[in-house]
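The block underneath contains the structure these notes are about, expressed in structure tokens.
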Amino acid sequence: MATSHGVDDYLETIYFLAFPIGEYQPSPGTTQAIAARVGEMLGVSRASAGEMLKRLEADGLVERGEHKEAILTPAGTERARKVVRKHRIIERLLTDFMGYTPGEAHVHADELGGTFTEEMIERIDEKLGHPQRCPHGWPVDPDFEQAENRELQPLSDLEPGQQATIVRLAEHDGDLLHWFYDEGLTPGTSLELRAAEPAAGQFRVTINGAEKTIGERAASGLFVKRS
């Protein structure tokens with residue numbers, strides 16, 4: 001992932017951390033949107049993230065909580081929701097119309113976000129037939145996304161023997177996202193967790209009769225709905 005990020009990238013990251021699920025949950029003993037966690041998600045230093053959070057606070061887009069975490073203000077929330085929706089519609093444009101792979105679309109959507117106006121996004125949405133999800137399974141409608149969070153869990157939280165369907169893929173790590181597609185771990189894929197070995201960082205699943213071993217980081221980034 002590129003190490004140069006603008007305001008919208010930070011707002012999008014804080015938005016994700018405000019509604020934690022799986023890979024986007026805070027580490028034990030930490031708060032979601034502190035500078036270190038935001039920096040980790042974006043691949044930048046804590047100092048760089050801290051400076052941008054100060055800028056967002058000065059612009060009235062975030063405020064600080066009791067643990068110095070960044071909390072989106074109403075203005076920040078409105079802008080973040082627009083950024084998230086725009087990103088997902090651009091991804092669908094790139095995959096459905098321009099022939100990019102889903103992994104490529106995520107990278108290019110980050111690069112192109114600032115080049116499309118809101119009016120352009122509405123026209124693209126209409127031309128695409130109002131898609132409900134991005135290529136990685138995330139709902140285009142942020143309200144539906146937040147409601148659906150309650151129905152999903154990361155693969156790493158399943159118990160051996162449980163069956164589930166992959167609904168969403170973690171997006172923030174481009175290498176991991178490409179790996180998901182290379183391994184056939186795509187939205188709509190059904191699987192069964194055969195064994196969990198958290199101490200070894202491994203999870204064994206069965207997909208279409210074939211057994212596959214998945215690392216803990218990948219298992220935390222596969223958001224599934226139990227059958």
Side-chain angles (χ1 to χ4, degrees), residues 1-2 5 8-25 40-43 80-113 116 121 124-125 128-158 164-191 203 205 207-208 212 214-226:
M1 179 177 288
H5 299 280
D8 286 348
D9 297 317
Y10 277 84
L11 291 175
E12 185 175 11
T13 298
I14 297 168
Y15 169 87
F16 273 116
L17 294 175
F19 304 99
I21 177 175
E23 182 74 357
Y24 300 107
Q25 292 179 355
E40 176 190 350
M41 295 291 290
L42 288 171
R81 287 164 58 92
K82 289 180 179 179
V83 170
V84 169
R85 181 173 179 270
K86 176 186 286 190
H87 179 97
R88 294 171 183 171
I89 290 174
I90 293 174
E91 284 182 326
R92 289 299 301 264
L93 171 69
L94 292 169
T95 55
D96 297 8
F97 183 71
M98 301 182 69
Y100 284 94
T101 67
E104 292 170 337
H106 179 69
V107 175
H108 292 310
D110 276 339
E111 299 168 346
L112 293 170
F116 289 89
I121 291 298
I124 293 170
D125 182 46
L128 291 175
H130 306 291
Q132 295 184 350
R133 296 179 184 268
C134 80
H136 320 299
W138 293 82
V140 171
D141 180 357
D143 287 334
F144 181 73
E145 172 194 343
Q146 292 162 24
E148 188 182 64
N149 283 352
R150 297 189 291 269
E151 303 175 5
L152 306 182
Q153 62 187 119
L155 172 65
S156 55
D157 283 0
L158 291 181
T165 300
I166 298 173
V167 178
R168 306 180 196 165
L169 310 177
E171 298 180 308
H172 74 281
D173 185 327
D175 291 338
L176 181 61
L177 186 61
H178 280 287
W179 184 84
F180 285 145
Y181 286 102
D182 290 343
E183 295 295 318
L185 298 167
T186 57
T189 299
S190 298
L191 52 78
F203 296 80
V205 301
I207 300 175
N208 295 325
K212 186 184 299 286
I214 299 175
E216 185 171 13
R217 185 167 65 99
S220 296
L222 289 168
F223 306 120
V224 304
K225 185 173 183 178
R226 281 189 290 171

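Nothing here was measured: the structure is a model prediction, and the numbers come from that model.
Applying the side chain to side chain donor-acceptor pair (under 3.5 Å) criterion to His108, with sequence neighbours excluded, gives Glu111. Residues satisfying the side-chain contact (heavy atoms from CB on, under 4.5 Å) criterion with Ala80, sequence neighbours excluded, are Leu11, Tyr15, Leu72. With sequence neighbours left out, Ser190 forms a side-chain contact (heavy atoms from CB on, under 4.5 Å) with Thr165. By the salt bridge (charged side-chain N to carboxylate O under 4.0 Å, His left out) test, Asp175 pairs with no residue at all, sequence neighbours left out.
With Lys86 contributing its side chain and Phe116 its backbone, the two residues share a donor-acceptor pair below 3.5 Å. Not one N or O on the side chain of Trp138 forms a donor-acceptor pair closer than 3.5 Å with the backbone of Ala170.
The closest side-chain heavy-atom distance from Phe223 to Asn149 is not below 4.5 Å. Thr186 places none of its side-chain heavy atoms less than 4.5 Å from the side chain of Phe180. At a threshold of 4.5 Å between non-hydrogen side-chain atoms, the residues Ile214 and Leu185 count as touching. Under the 4.5 Å side-chain criterion, counting only non-hydrogen atoms from C-beta, Ile121 is not in contact with Lys82. With contacts defined as side-chain heavy-atom distances shorter than 4.5 Å, the pair Leu222/Leu169 qualifies.
Heavy-atom minimum distance, Thr95 versus Ala105: CG2-CB, 3.6 Å. Among all heavy-atom pairs drawn from Gly103 and Leu177, the shortest one is CA-CD2, 4.2 Å. Val140 and Cys134 get closest at one heavy-atom pair: CG2-N, 4.2 Å. In terms of heavy atoms, Pro187 sits closest to Pro135 at CG-O, 3.9 Å. In this structure, Ala218 and Trp179 approach most closely via the heavy-atom pair CB-CZ3, 3.7 Å.
The only member of Asp143, Asp141, Asp125 that meets salt bridge (charged side-chain N to carboxylate O under 4.0 Å, His left out) when paired with Arg85 is Asp125.
Residue pairs that meet the salt bridge (charged side-chain N to carboxylate O under 4.0 Å, His left out) test with at least one member in residues 98-109, sequence neighbours left out, do not exist here.
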Would you give me the side-chain donor-acceptor pairs under 3.5 Å for residues 87-94, sequence neighbours excluded?
unit_1	atom_1	unit_2	atom_2	d
His87	ND1	Asp110	OD1	3.3
His87	NE2	Glu91	OE2	3.0
His87	NE2	His106	ND1	3.1
Arg88	NH1	Pro139	O	2.6
Arg88	NH1	Glu145	OE1	2.8
Arg88	NH2	Glu145	OE1	3.4
Glu91	OE2	His106	ND1	3.0
Glu91	OE2	His136	NE2	3.2
Arg92	NE	Asp96	OD1	3.3
Arg92	NE	Asp96	OD2	2.9
Arg92	NH1	Arg133	O	2.6
Arg92	NH2	Asp96	OD2	2.7

Can you list the steps and then say if His5 with Thr13 is a side chain to side chain contact (heavy atoms under 4.5 Å, CB included)? CA-CA 11 Å; His5 299 280; Thr13 298; over 6 Å; no
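Rounding to the nearest 0.5 Å gives a distance of 7.0 Å between CG of Leu155 and CZ of Phe203. Between atom CE of residue Met41 and atom CG of residue Leu17 there is a gap of 5.0 Å, rounded to the nearest 0.5 Å.
Counted within 6.0 Å of CD on Glu151, heavy atoms from surrounding residues, nucleotides or ligands total more than 12; the atom is thus considered enclosed.
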